[in-house]
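Any value given below was found using the heavy atoms of this structure, including those in side chains, with hydrogens, waters and symmetry copies removed.
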Amino acid sequence: MRTSQILIPTLREDPGEAETVSHRLMLRAGMIRKVAAGIYTYLPLGLRVIRKIEQIVREEMNRAGAQELLMPIASPAELWRETGRWDYYGKELFRFKDRHDRDFCLGPTHEEVITDLFRREVRSYRQLPLNFYQIQTKFRDEIRPRFGLMRGREFIMKDAYSFDADEAGARISYQKMYDAYNRIFSRCGLTFRPVEADTGLIGGSSSHEFMVLADTGEETVVYSETGSYAANVERAEVAAPTDVDQSPMRSISEVRTPDRRTVEAVTEFLKISPRRLVKTLLYTTDHKDVAVLVRGDHEVNEIKVKRMLNATDLVLAGPEKVQALTGAPVGFAGPVGLKGIAILADQAVKHMRNVVVGANKADTHFVDANIDRDFSVDHFGDLRNAKEGDLSPRGDGTLRVAKGIEVGHVFMLGTKYSQAMSATFLDAQGREQQAVMGCYGIGIGRTAASSIEQNHDAKGIIWPLPIAPFHVHLIPLGQSQQVLELAGRLYESLGAAGIEVLWDDRDERAGVKFNDADLIGAPLHLVIGDKGLAQGVVELKARKTGQTTRLAPNEAVAAIGEVLGFVPQPSS
RNA sequence: CGGGGCGUAGCGCAGCCCGGUAGCGCACCGCGUUCGGGACGCGGGAGUCGGAGGUUCAAAUCCUCUCGCCCCGACCA
């Protein structure tokens, strides 16, 4: 491709709207342009990268035995009402009505549509297992789209759905996808890690997320330093506490803590460690209020609380609510004397003695409060976030914390959708059985963005070869006859050898061309200039290392083919 | 949705406090010089100052409403 025939509007300056590296570089390299918040046009260069990733995904899906199909973007509300997700999905679902006033949505995911296909078309266990996938545009009206392709409201996703006759089969299907995902992200040149994850809105019994490790990631991953445990912090289990405080109970007393509302302020004021304090957080769920107790240096994990309560909704109580429940302003809530409300506590609280808690009275705390004597707890459980230094729940060392970008997610769905939608088949005994499902997603654009987060320098992008928009950036310098002629010849023969070349045929100064080439990030740059030709050489530069090799022009194609791992075709 | 910020030429911004000619850099067009890491000279085109209302002799600037966008928190590929 010649630059005169492909629109690559590179930007010299950073666009003001972009914060993260990948967003900035994608805009600057002329890969994407914003149309509305979270909605982008993929320009030719960006689309080439997207297509490369899609192709890798396609190859690995096919290899894993999945079959490609394509479902519609628009789907009728009836299907979503069958599973209850028309309501449950909430504002994130882009909804619209047709001319007959019938409800539709733009698909955010396709469990309903694929399950509908399955129940209509599949009858027998002999047809199983099945796995269908598609690469398609999805719509989610995200609360806050951000970081370019990282979190769009319209985005390209590969989604796959497996159907098995039983749990054992489903586990095999799941494992195949898990393995395929590992291959896909490896082939894309990413440093990533599969982690145990929460299932969120999709539902199901268990899942793994594939996390690209990057400081700009929105997810928090905890992993055992020495072992194999890794999980999203939303999901990460906390090992049962081993430190049991055996000290004798002292008698409870009230202390004045004027205007000390936070753990930090109270513990500083009383000159105690946050580990001696129990903080009380008040929440409102679907139908009731609850208090959640955690140690002062711990954080409540709301997902775990939701799970314990079997609630779909959980919001921290506002100031009026807190006042109503405790009779005190925010900052002084405590379990002692707290009436008419369920009290949950993290397991670590169980073994604490002589703790500091709010007194449900303005500017007052209790010290030396004790469980069972001064207050009671209705349920204990693992309700906090794992944190750096915790013991691994698998007993393999201590936990560390890192940031990650979720590029893929695999779920064991079980029969959640097949049950809701009566997706059944007949087993060998002729009995009707519900299909056991799995679903598997990859964010294609997010994968591209993640790759940039991991592969860039101050000058621009450094694409891994398999997803680079072009293999070689051909950079002729000046307009001399010999340079132009050689550029044309090399362009032809590289193309004939199956090598993808971007030929900068603009009449620009060397600096402009070099800077654009560095920004765009093809793995190899081939520079042709009068200076080199005077010595009979062209220069091949590796974008990543900056290392330059001088080559005779007639060796260039073979040398490049070798570096790229191609078997060069004889050029005509 | 809560908190913070921004909308002025294609891009990046100044001007706004203290009302009075709409400006700078880059990009773009023409001519010339230049040409191995973002050249220079001369000439030029381009802006409903996000939108609507109001105050005023006069509004980019003050007031009200509104729309859009970005950043920080609760959702997810």
Asks: Indicate, with a heavy-atom threshold strictly under 4.0 Å, whether A/Lys34 touches base, sugar-phosphate, or nothing.
Replies: sugar-phosphate
Asks: How many angstroms lie between atom CE of A/Met308 and atom CG of A/Asn301, to the nearest 0.5 angstrom?
Replies: 11.5 Å
Asks: Starting at atom CD of A/Glu17, determine the distance to atom P of B/G50, rounded to an integer number of angstrom.
Replies: 17 Å
Asks: Find the distance A/Leu27:CG to B/C26:P and express it as a whole number of Å.
Replies: 22 Å
Asks: Between A/Glu68 and A/Asn62, do the side chains contain an N or O donor and an N or O acceptor separated by less than 3.5 Å?
Replies: no
Asks: Rounded to whole angstroms, how far apart are CG on A/Asn301 and P on B/A74?
Replies: 11 Å
Asks: Under 4.0 Å, counting only non-hydrogen atoms across every strand here, what does A/Arg146 touch: a base, just sugar-phosphate, or nothing?
Replies: sugar-phosphate
Asks: B/C71 P sits how many Å from A/Arg24 CZ, rounded?
Replies: 12 Å
Asks: Counting the benzene-type ring for Trp, do A/Tyr174 and A/Phe411 have ring centres under 6.0 Å apart?
Replies: no
Asks: Heavy atoms only, 4.0 Å cut-off, all strands: where does A/Glu142 land among base, sugar-phosphate and nothing?
Replies: base
Asks: When the distance from CD of A/Glu19 to C1' of B/C71 is rounded to whole Å, what number comes out?
Replies: 6 Å
Asks: Would you state whether a donor and an acceptor, one from the side chain of A/Arg144 and one from the base of B/C1, lie under 3.5 Å apart?
Replies: no
Asks: Quickly, which of A/Arg506, A/His473, A/Arg12, A/Arg28 forms a side-chain hydrogen bond (donor to acceptor under 3.5 Å, both in side chains) with A/Asp516? Name it, please.
Replies: A/Arg506
Asks: Indicate for each nucleotide in nucleotides 32-39 of chain B, in 5' to 3' sequence, whether protein heavy atoms under 4.0 Å reach the base (B), only the sugar-phosphate (S), or nothing (-).
Replies: --BSBBBB
Asks: Taking for each residue the nucleotide of RNA chain B with the nearest heavy atom, is it A/Ala36 or A/Val407 whose nucleotide lies nearer the 5' end?
Replies: A/Ala36
Asks: Nearest whole Å is fine: how far is B/A77 P from A/Ile53 CD1?
Replies: 18 Å
Asks: Please work out if A/Glu13 contacts a base, only the sugar-phosphate, or nothing of the nucleic acid, heavy-atom cut-off 4.0 Å.
Replies: base
Asks: Which part of the nucleic acid does A/Gly152 contact within heavy-atom distance under 4.0 Å: base, sugar-phosphate only, or nothing?
Replies: base
Asks: A/Glu92 has a side chain; which of B/C72, B/C76, B/A77 sits nearest to it?
Replies: B/C76
Asks: Tell me whether A/Arg140 forms a cation-pi arrangement with A/Phe155, defined as NZ or CZ under 6.0 Å from the six-membered ring centre and within 45 degrees of its axis.
Replies: no
Asks: Over how many whole Å does the gap from A/Ile50 atom CD1 to B/A77 atom P extend?
Replies: 17 Å
Asks: Which nucleotide sits closest to the side chain of A/Lys306: B/C70, B/A77, B/C75?
Replies: B/C75
Asks: Would you mind classifying the nucleic acid contact of A/Phe147 as base, sugar-phosphate or nothing, using non-hydrogen atoms under 4.0 angstrom?
Replies: sugar-phosphate
Asks: What is the separation between atom CE on A/Met157 and atom P on B/C76, rounded to the nearest whole Å?
Replies: 12 Å
Asks: State the CD-CE distance between A/Glu406 and A/Met211, to the nearest 0.5 angstrom.
Replies: 5.5 Å
Asks: Can you measure from CG (A/Asp179) to CD1 (A/Ile184) and round to the nearest 0.5 angstrom?
Replies: 11.0 Å
